[in-house]
2 protein chains.
Amino acid sequence: MSSAVSIVNVDVYIALKKGSFHRMSQACFTSHLKISQKMTKASTFDRKGRATIVDVGRVAGVSDATVSRALNKPETVSAKTRARIEAAIAETGYVPNPLAKAMVSGRTYTIGALVPTLNHSIFSKFLHALESDLSDQGYNLVVAVTDADRDREVEKAKKLLAMGVEGLIVSGLSHNADLLREAARFAVPLIATSYYEPSAPLPTIGYDNKIVATQALAHLTALGHRRIAVAHGPVAGNDRTRSRIDALADPGEGASLTFYETTLDYAGGAAVVDRLEGPYSALLCLSDVLAVGALFQLRSLGKRVPEDISLMGFDDLDASQFTVPPLSTVRLPIQDMGRVTARAVCDFLDSGSPIAPRLLEAQVIARASTGAVPLAPGASDNPRGS
Amino acid sequence: MSSAVSIVNVDVYIALKKGSFHRMSQACFTSHLKISQKMTKASTFDRKGRATIVDVGRVAGVSDATVSRALNKPETVSAKTRARIEAAIAETGYVPNPLAKAMVSGRTYTIGALVPTLNHSIFSKFLHALESDLSDQGYNLVVAVTDADRDREVEKAKKLLAMGVEGLIVSGLSHNADLLREAARFAVPLIATSYYEPSAPLPTIGYDNKIVATQALAHLTALGHRRIAVAHGPVAGNDRTRSRIDALADPGEGASLTFYETTLDYAGGAAVVDRLEGPYSALLCLSDVLAVGALFQLRSLGKRVPEDISLMGFDDLDASQFTVPPLSTVRLPIQDMGRVTARAVCDFLDSGSPIAPRLLEAQVIARASTGAVPLAPGASDNPRGS
DNA sequence: CTGTTAGCGCATTCAA
DNA sequence: TTGAATGCGCTAACAG
């Protein structure tokens, strides 16, 4: 418990167990480790706990400005004083105060992201990619979940702005007007993702939901499908879904689509299968989650995919390639979106490059869940059976 | 484009398109909106862009200290001056500088979380819950992805600490020793999650992986299963998996377990099915992802679940209840973990309450993928078929 | 190469 | 109830 190797761990533990150690100073932690014998010299550097740049200067026998230089532009300070300063830093266990630095520089190197949920892998993956790239560029990512509530979104945006984020990333185009206003008040860039709409009042980085929906439909019509059921999640508050549906409004090619709204989860997909009416040769789900749910239900009803009905999804979840049969779908450029968004904000912040709207392309992934429509028209009947 | 209602949006857009507007001041945004006619009075409050508390004071004809009070302790300032100050605030478009505030208070109200990945829903859900609760208590969440790399974890931890997080949350118990050291240097609490181990050098909040594994096994043995295959992800660097396996080392009840390591994805689960040797009556997957992958593969091989082989998972993913058959699994207390962790850090930070290790209970969810072992011993043969 | 002087924007003593 | 003064920790002038 008190062996040399674990002494730091022990300190941590003690610090956590004792409530009174709240803002416990680093000096407390290390003093008895290495500098107890020198405490006499470094007499007053435990003023309020943490050692400051001034304390380091005092110990090293130089001014605080010199210490600051040694830290930021080492080449502008002589080798020997630099050495003394380093020694003093080690001795005092000095650790720079990020707040003071941020205060004077006016920069926090922090970007805020507002996502509707973290339970949907689309958003998690986006954040994963976003964080990776932001991190590479020296930025931190603060995330806030909005639960798809516009008012909550504004609230959380305010909190993020109040903590000093230098950029704000949101999903989709539907937002409370205050969001724009607040971003403007704090003069931070605001970027909308999962959407491409160059005429929007803020820069968008994402895919064009209309194009994407059209791509999916084209895949099905190319296979000969004309009577197609379309399953989608709630339209309210989800502009992405709305766009996809709009794009499908006039399918052309003599195709006829019927829309089924449902909840955006596996159960919702399964439920649509039960509600299906009419002889559809294909079911297009505007989300893989729905498609997987539908697939399970179809199979448990004894329907064969794609022989009895073709099934197509949207997103390309990890699971989609492992279903039986593997799911045809449209792969959304989520990773790219994270990367491109990160680059855009950083470029703007670092060098002032304007943030331009950016269209990312989705890709139809044709797998085994979609097949040619049977030769005899109307050969596939109501999947509900009879 | 220049209608009154969209003027703010337009401003934002312009600001974003023009790189030179980088640190554009709030004053620029609002001045031409409402206070242009009063600019004469508020002569010098656009020093470096943003209006400060001093500017507000000047406009209101009071001192900065009074403005500060009006903002923080409104009751200590007379109604009339308060009104004047509020007017001045609106006029100048003053917005408090979070950095200065943080600087003097020494607080950032920011918690950092280090997760191995955001692609696994377990971690996303944890963060979702964590963020919700932190947010309720007035804290912000910074997330960093480590890709399960201990060195990267330390690196990112340093960045988080350097930006001023007041608490650090990590996953599991395996960490680079520097992590503990750094947390101690900055005197911030460090909490390990997804794990319960009261003897650890840092507080743990989570489930006991050994107990959980035992619960799962118990479910199977209670159904009569004795020869059981266990599929699990890579052990290297994953102490949770390690613990679960350890707990299964001595199964008792005359059970005999065989372990199959594979990749932690759907394909990995499917692959295990192909590698299975010997007459197992049950396949226990230490992760639902593996179980779902295995399920698809079993079905495409024509094996019936649970008639031919029982299948059990671990995690309780959203998808698990919708597979065919629905997957028996162990539901991990992920949401609770987020909540409890958030509360623990906040309580510590707000009132100094010590952070105590906390055991959360998992729950066996018995669904249709597990059934009693067939009466005739050895009735189920090699799932690979012959 | 280094020390001195000034703030950054705010909150918090102390007097008045 | 309010104002003046002081300091948080650090960086950025400007001298020396």
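The sequence lines fix the lettering, A, B, ..., with proteins before strands; numbering per chain opens at 1. Hydrogens, waters and symmetry mates are skipped; everything else that's a heavy atom, side chains included, is used.
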Would you say the side chains of A/Ser78 and A/Thr81 form a donor-acceptor pair under 3.5 Å? yes

B/Leu71 CG - D/dT1 P separation (whole Å): 18 Å

Roughly how many Å is it from CZ in B/Arg107 to P in C/dT12, rounded to a whole number? 13 Å

When all nucleic acid strands are considered with a 4.0 Å heavy-atom cut-off, which category describes B/Val67: base, sugar-phosphate, or nothing? nothing

What's the closest nucleotide to the B/Arg69 side chain, out of C/dT13, C/dT2, D/dT11? C/dT13

Side-chain ion pair, B/Arg84 and B/Glu91, N-O less than 4.0 Å: no

Whole-Å distance, A/Arg58 CZ to D/dC10 P, equals 13 Å

Here the gap from B/Lys101 atom NZ to A/Leu99 atom CG, rounded to the nearest 0.5 Å, amounts to 13.0 Å

Any side-chain N or O of B/Thr81 below 4.0 angstrom from OP1/OP2 of D/dT2? yes

Nearest to the B/Met103 side chain among C/dC10, D/dC8, D/dT11, which nucleotide is it? D/dC8

Among C/dC10, D/dA5, C/dG3, which is the nearest nucleotide to the side chain of B/Ala65? D/dA5

Net bend of the helix from C/dC1-D/dG16 to C/dA16-D/dT1, end axes of five pairs each, nearest 10 degrees: 40°

Any sub-3.5 Å donor-acceptor pair from A/Thr66's side-chain atoms to A/Val62's backbone N or O? no

Basic-acidic side-chain contact under 4.0 Å: A/Lys158, A/Glu153: no

Does the B/Lys156 side chain pair with the main chain of B/Leu114, one donor and one acceptor, at a distance under 3.5 Å? no

Calculate the interatomic distance between A/Asp55 atom CG and D/dC8 atom P; express it in whole Å. 10 Å

Choose from C/dA11, D/dG9, D/dT11 the nucleotide whose nearest atom is closest to any side-chain atom of A/Ala100. D/dG9

Gap separating the CD atom of B/Glu131 from the CG atom of B/Asp136, nearest 0.5 angstrom: 8.5 Å

Which of residues 72-80 of chain A sit near DNA chain D, with a heavy atom under 4.0 Å from it? A/Asn72

Output the rounded distance in Å from CG (B/Leu99) to P (D/dC10). 14 Å

Let me know the distance between CG of A/Asp64 and C1' of D/dC8, rounded to the nearest Å. 13 Å

So, taking the atom named CD1 in A/Ile205 and the one named CZ in A/Arg343, what distance separates them when rounded to the nearest 0.5 Å? 11.5 Å

So does A/Glu182 pair up with A/Arg185, basic N to acidic O under 4.0 Å? yes

Could you tell me whether the phosphate oxygens of D/dT11, OP1 or OP2, come under 4.0 Å of any side-chain nitrogen or oxygen in A/Ser68? yes

How close or far is atom C1' of D/dC8 from atom CD1 of A/Ile53, stated in whole angstroms? 13 Å

Are any of B/Thr52's side-chain N or O atoms less than 4.0 Å away from OP1 or OP2 of C/dG9? no

Is there a side-chain contact between A/Thr66 and the phosphate of C/dG3, meaning an N or O under 4.0 Å from OP1 or OP2? yes

Using 0.5 Å steps for rounding, measure from the CZ atom of B/Arg69 to the CD1 atom of B/Ile85. 9.0 Å

